[in-house]
Amino acid sequence: MENQIDPAQTLEMVEQDLTTFENLAAKDFDSERVKSELEKLSKEELLPLQMNMFAQYHQMARIIVELTQALRVALG
């Protein structure tokens, strides 16, 4: 049995992080600066950052899927 998508509940969930997303989206991504900062880190320091990055990437993918499903319900 498929879970029912509640567009309002999905929006409420995403709005909790909306300010963070808006702040990130407003900035240009400076790949050279990021690369420079990462090169300064040891392997032991880098591993937790990479794990966190992959966890956040996974969370963003889930949010995009949930928003898309909620939009389908709202428009359907």
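These numbers come from a predicted model, not from an experiment. Quick note: residue numbers are just sequence positions, from 1.
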Exercise. Can you name the closest pair of heavy atoms from Gln59 and Asp17 and give their distance?
Worked result: NE2-OD2, 4.0 Å

Exercise. Leu38: what forms a side chain to side chain contact (heavy atoms under 4.5 Å, CB included) with it, not counting sequence neighbours?
Worked result: Val34, Leu41, Leu46

Exercise. Lys27: what forms a salt bridge (charged side-chain N to carboxylate O under 4.0 Å, His left out) with it, not counting sequence neighbours?
Worked result: none

Exercise. Of all residues at least two apart in sequence or in a different chain, which pass the side chain to side chain contact (heavy atoms under 4.5 Å, CB included) check with Asp28?
Worked result: none

For this session: Apply side chain to side chain donor-acceptor pair (under 3.5 Å) to Lys40 and list each qualifying residue two or more places apart in sequence or on a separate chain.
Result: Glu37

Exercise. Quick one: side chain to side chain donor-acceptor pair (under 3.5 Å) partners of Glu45, sequence neighbours excluded?
Worked result: Ser42

Problem set entry | Residues forming a side chain to side chain contact (heavy atoms under 4.5 Å, CB included) with Val65, sequence neighbours excluded | Gln69

For this session: Verify the cluster assignment for Leu49 and Leu24: are they in a single hydrophobic cluster under the rule of side-chain heavy atoms below 4.5 Å apart?
Result: no

Seminar exercise, completed: Apart from Phe21 itself, members of its ILVMFWY cluster (side-chain separation under 4.5 Å) are Met13, Val14, Met60, Ile63, Leu67

Exercise. Apart from Met53 itself, what residues make up its hydrophobic cluster, given side-chain heavy atom links below 4.5 Å?
Worked result: Phe54

For this session: Answer yes or no: is there a donor N or O on one side and an acceptor on the other, between the side chain of Ser36 and the main chain of Glu32, under 3.5 Å?
Result: no

Exercise. With a 4.5 Å heavy-atom cut-off, do Leu47 and Lys43 have their side chains touching?
Worked result: no

For this session: Could you tell me which residues satisfy side chain to side chain donor-acceptor pair (under 3.5 Å) with Gln9, sequence neighbours excluded, listed by chain and number?
Result: none

Problem set entry | ILVMFWY cluster membership beyond Leu75 - transitive side-chain contacts under 4.5 angstrom | Leu71

